[in-house]
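Presented below is the structure to which this report refers.
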Amino acid sequence: MGNLPLEGVRVVDQTLVWVGPFCAQLLADWGAEVIRVEPLQVFQPMTRAPGVRPIKRGITDYTNDYPGGDPGDRHWNRNVLFQLHGRNKLSMTSNLPNPDCMETFLRLVSISDVVIENNVPQTYDKLGVTYGMLKEVRPDVILARVPAFGLSGPYANYRAFGSHMESVAGHTWIRGYRDAPPYTKGTTYLSDAIGGVTAAFAIVAALYHRRNTGEGQLIEVPTAEATVSYVGEAIMDYVMNRRVQGPLGNGHPSRAPQGCYPCKGRDNWLVISIGTDEEWESLRQVMGDPEWARDPALATVLGRYRLQDEIDSHLAEWTTDRDHIQLMHLLQANGVPAAPVYDQGELFADPQMRSRGYFEELTQPATGTHLYPGMMWKMAETPNRIRFPSPMLGEHNEWAYKELLGTTEQEYRRLEDAGHIGMDYPDNLG
Amino acid sequence: MNTNLANSQALGRVKVLDLTHYVAGPFCTRLLADYGAEVIKVERPGQGDPGRRMGPFLRDHPHAEKSGAFLHLNHNKVGITLNLKAAAGARIFGELVKWADVVVENFRPGVMDRLGLTYSRLTRLKPGLVMTSISNFGQTGPYRDYKATEIIEYAIGGPMLFTGTSGREPVKLGANVGLFLAGQMAAVATLMAVYRNQRDARGDHIDISIMETQAGSVDRQTAMLVNHQYTGNRFSRLETQGSYLGTIYPCKDGYIDVRARERMPRLIAMMDGAEPLRGPLAVVSETSEDRVKVEALERRLLDWLSQRTQREIWAKTQEHRVLTAPLYDSSGVLEDPHFRIRGLWTKVESGDSGLLEYPGRQILMGATPWRVRRPAPTLGQHNTDIYCGLLGYSPSDLSRLRQMDVI
């Protein structure tokens, strides 16, 4: 038992929205000392909250909410968004364009191992920050830049959210219903997660290389490009056969039936995914071997694939008065791959998640005590829990400036008076 | 094995024994191999990785060496066959474990135990070994032996309830993206353990539950889970996707994803050809009066979009700081000039499948670049290299092992 893998690694975190913060979360969760450097002069939208003022738009806007629906004082310490990934990180305030703050930043870099940023590339250009400059103060520094489309090329400075990266990477085109145009499809995105995990992979690889050779490096993680690998099957189909794949809905190219079926109660659903003839046989038995399922045409996966729509309507009829969760257990006990489509409350109550202690209770002064998604994996020899909750804006200023950077009391007061050190955004910030 | 090339890459010193199959495990080990690790992929004699039977196939002809999915997931690895159920196979596996720093497997929980390959046994053979186990629901818990595919993980662990439109069934994401994500997460976890080993050579056994990677790494899902904790709200599919002026619209040559929302003044300015507005953004509320205005605006927008191509709209909206993006299909991705100029694509001579173009590097590492060193192995392609070259068996040993169905 013992040290977390990244203990001793200090990370300067200049990330915003989700991609970069999620990368930093993975590093912080496993022991890195992650220091968020946050400006008071710019409110970074969708990072600590959607906007500088709390706006309540109704319950469809799940990122724009607070414990009990109440923004309270300093809503940026209570908004859902930052609480997703802020845990295990520290927060200091500093505003880079200011020369004093640039000095603070470089002093921090000189005693750090990794710098992460996921701004549009031109932000660093405007600030005058280059990898060479960071190397001067810290020769073996690892700088990870996580732009949407890369540091070069025609789209280098194109701005994008996860949905955009995913559209350009070819994923949006292949998700969704088979029988509807893409504009009626859903709104769940994956690219942000991909960028974050990919960047974490690159940073740990670079740390490993540095420990072997003493050499740091510049890492570029173009999230849209990283996403292209994830739709490799569709890309390879085009490369090999010049076939443009469309959406498969809930279907599968080689499993049938596979689908999502209505169950008892409002908006309750079960997914079933049959791959082998044995699984099909088991499903038939669980259903009591109804007449329709005895059709010899359904004995092979090819036959079931051809008649998937017909099977779907029979299955939907069978599931419709049954409980989605009980049905999963019944089917799984008989070797049939099936699962309920969980809502949020059901996931928190799930016996598997509870037995593995996945959700962890955290108490944060601004938000109170709640359960949060926990560690992304378990290490048998290294039990790990969330060590501390999301920091309030500027919570660690005293520590960072005075203890870590050796800032004098006088200089600290000066930076505070100049509005760089604090725990509030200025009232006039638009 | 060519270790010279490998050693100029970040993970050139990492040796991985790869027992994985299908998608999540192979993607994990491919990422390690892409950045320099020496990966020996161990497959069942005769059958091999079931991923070899996954489409697409070259010219739609099912063939174990012509699966596009398999080729994509397994380049940079060397491949051997080994029957782990045979006593001689298990013994040889022990020799390979002594060579390895890392073992990655994604059998159903309990399979490694039944093969006698528990972590405690393997770590006795190779102290400090890192073992990564990827499974549907984790190595413990009541669902340990439950079956799953990608859709099942997305339903139970991810935000499937929220995906799709209300009045219809929930719908999954495309292809196997959730399994790729789990594989990448496993690669991060593995590397962290390898990195720590440089310091204290302690070893560890990593337990990746795909269900948990769904619950904790899909941003919408975590946002909805935390929101539910804070407010008790339940989130399901919306009536229309996104919100007003934030959806996917048709345009001249396809579809375009538009997120105008708070940027509506800029959008109006763009369509009128006026200067983009500066200063605080106007926010439109959801009152019925505003609704009428928004609908009128939407009609104008549709007309404007219908006269322009995806890339024209994309460039124009970027100038005005309105976020949009073309919905590329796979031909659009392959033809896009940006990805071409930046060298995303890599041509690989792929044995029976000929010269193919792959989505290449995910990451550009300045000092230790990505490389394709070899295409995905054919079944048992490197048996002689590994058994004779690395472990010192003679060619006659090899043919005996072949006759015994061990390799």
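Below, read A as the first sequence line, B as the second, and so on, with proteins coming before strands; counting in each chain starts at 1. Values below: every heavy atom of this structure, side chains too, minus hydrogens, waters and symmetry copies.
- A distance-only check finds no donor-acceptor pair linking the side chain of Arg321(B) to the backbone of Arg159(A) [under 3.5 Å].
- Looking at Tyr131(A), there are no atoms closer than 4.5 Å to chain B (heavy atoms on both sides), in backbone or side chain.
- A 4.5 Å side-chain heavy-atom check between Val333(B) and Trp173(A) finds every atom pair outside the cut-off.
- Judged by the 6.0 Å distance and 45° axis criteria, Arg168(B) is positioned over the aromatic ring of Tyr177(A).
- The salt bridge (charged side-chain N to carboxylate O under 4.0 Å, His left out) test applied to Glu225(A) returns Arg342(B), Arg361(B), not counting sequence neighbours.
- Under a 3.5 Å cut-off, the side chain of Gln229(B) and the backbone N or O of Leu371(A) do form a donor-acceptor pair.
- A side-chain N or O of Arg220(B) and one of Tyr62(A) form a donor-acceptor pair less than 3.5 Å apart.
- The two residues Ala367(B) and Gly216(A) have their closest heavy-atom pair at CB-O, 4.2 Å.
- By the 4.5 Å heavy-atom criterion applied to side chains, Cys260(A) and Met160(B) are counted as neighbours.
- Between Glu279(A) and Lys147(B) there is a salt bridge, since a side-chain N of the basic residue sits under 4.0 Å from a carboxylate O of the acidic one.
- Note that CD of Gln362(B) is 13.0 Å distant from CD of Glu220(A), once rounded to the nearest 0.5 Å.
- Side-chain atoms of Tyr230(B) and Val80(A), non-hydrogen and from C-beta on, do get closer than 4.5 Å to each other.
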Margin query: For Asn157(A) and Gln318(B): C-alpha separation, side-chain torsions, deciding distance, then whether side chain to side chain donor-acceptor pair (under 3.5 Å) applies.
Written below: CA-CA 9 Å; Asn157(A) 284 307; Gln318(B) 285 288 335; over 6 Å; no
Checklist line | Leu347(A)/His228(B) under side-chain contact (heavy atoms from CB on, under 4.5 Å): CA gap, chis, key distance, verdict | finding: CA-CA 11 Å; Leu347(A) 189 56; His228(B) 178 79; over 6 Å; no
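- The aromatic ring centres of Phe149(A) and Trp314(B) sit less than 6.0 Å apart.
- Between the side chains of Asn227(B) and Gln344(A), no donor-acceptor pair of N or O atoms lies under 3.5 Å.
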Next item on the list: Any chance you could lay out the side-chain contact (heavy atoms from CB on, under 4.5 Å) test for Asp207(B) and Arg356(A), step after step, and finish with the verdict?
Entry: CA-CA 11 Å; Asp207(B) 173 5; Arg356(A) 287 172 59 82; 2.9 Å; yes
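- Counting heavy-atom pairs closer than 4.5 Å to chain A, the top residue among Arg144(B), Arg340(B), His205(B) is His205(B).
- The two residues Val188(B) and Ala200(A) have their closest heavy-atom pair at CG1-CB, 4.1 Å.
- Rounded to the nearest 0.5 angstrom, Thr172(A) OG1 and Leu327(B) CG are separated by 5.0 Å.
- Between Asp267(A) and Arg237(B), some side-chain heavy-atom pair lies under the 4.5 Å cut-off.
- Residues satisfying the salt bridge (charged side-chain N to carboxylate O under 4.0 Å, His left out) test with Arg53(B), not counting sequence neighbours, are none.
- Between Gln198(B) and Asn212(A), the closest side-chain pair of non-hydrogen atoms falls below 4.5 Å.
- The CE atom of Met365(B) sits 4.5 Å away from the CD1 atom of Ile219(A) when rounded to the nearest 0.5 Å.
- Minimum interatomic distance between Phe137(B) and Gln352(A) (heavy atoms only, all atoms of both residues): O-NE2, 2.7 Å.
- Without hydrogens or angle criteria, Tyr358(A) side chain to Gly216(B) main chain gives a donor-acceptor distance under 3.5 Å.
- Interface remark: of the candidates Val226(B), Ile256(B), Ile206(B), Asp204(B), Asp204(B) forms the most heavy-atom pairs closer than 4.5 Å to chain A.
- For a residue to count as touching a neighbouring chain, one of its non-hydrogen atoms must lie under 4.5 Å from one of that chain's; by this rule Thr198(A) touches chain B with backbone and side chain alike.
- No hydrogens or angles considered: a donor-acceptor pair under 3.5 Å links the side chains of Gln184(B) and Tyr230(A).
- Here the side chains of Tyr208(A) and Thr368(B) are not in contact, with every heavy-atom distance at 4.5 Å or above.
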Notebook entry, point to check: How far apart are the C-alpha atoms of Glu150(B) and His252(A), what are their side-chain angles, what is the distance that settles it, and do they pass the side-chain contact (heavy atoms from CB on, under 4.5 Å) test?
Noted result: CA-CA 10 Å; Glu150(B) 211 254 359; His252(A) 188 280; over 6 Å; no
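- Comparing Ala175(B), Gly366(B), Ala223(B), Gly138(B) by how many heavy-atom pairs each has under 4.5 Å with chain A, the most go to Ala223(B).
- A distance of 11.5 Å separates CG of Asn233(B) from CG of Asp343(A), quoted to the nearest 0.5 Å.
- For the atom pair Asp257(B) CG and His164(A) NE2, the distance stands at 4.5 Å (nearest 0.5 Å).
- Between the side chains of Gln245(A) and Ser330(B), no donor N or O sits under 3.5 Å from an acceptor N or O.
- Using a 4.5 Å heavy-atom threshold, the side chains of Met185(B) and Trp377(A) count as touching.
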Margin query: Run Tyr143(B) and Asp350(A) through side-chain contact (heavy atoms from CB on, under 4.5 Å) and show every step you take.
Written below: CA-CA 10 Å; Tyr143(B) 302 173; Asp350(A) 178 74; 2.6 Å; yes
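- Annotation: side chain of Val197(A) is in contact with side chain of Leu181(B) (closest heavy-atom distance under 4.5 Å).
- Annotation: the span from Glu166(A) atom CD to Leu173(B) atom CG amounts to 7.0 Å, rounded to 0.5 Å.
- When only modelled atom types and interatomic distance are considered, Thr382(A) and Arg202(B) share a side-chain donor-acceptor pair under 3.5 Å.
- Remark: Arg211(A) CZ is packed, more than 12 non-hydrogen atoms of other residues, nucleotides or ligands lying under 6.0 Å away.
- Heavy-atom minimum distance, Tyr155(A) versus His338(B): N-ND1, 3.0 Å.
- Judged purely by atom type and a 3.5 angstrom limit, His72(B) has no side-chain atom pairing as donor or acceptor with the backbone of Glu233(A).
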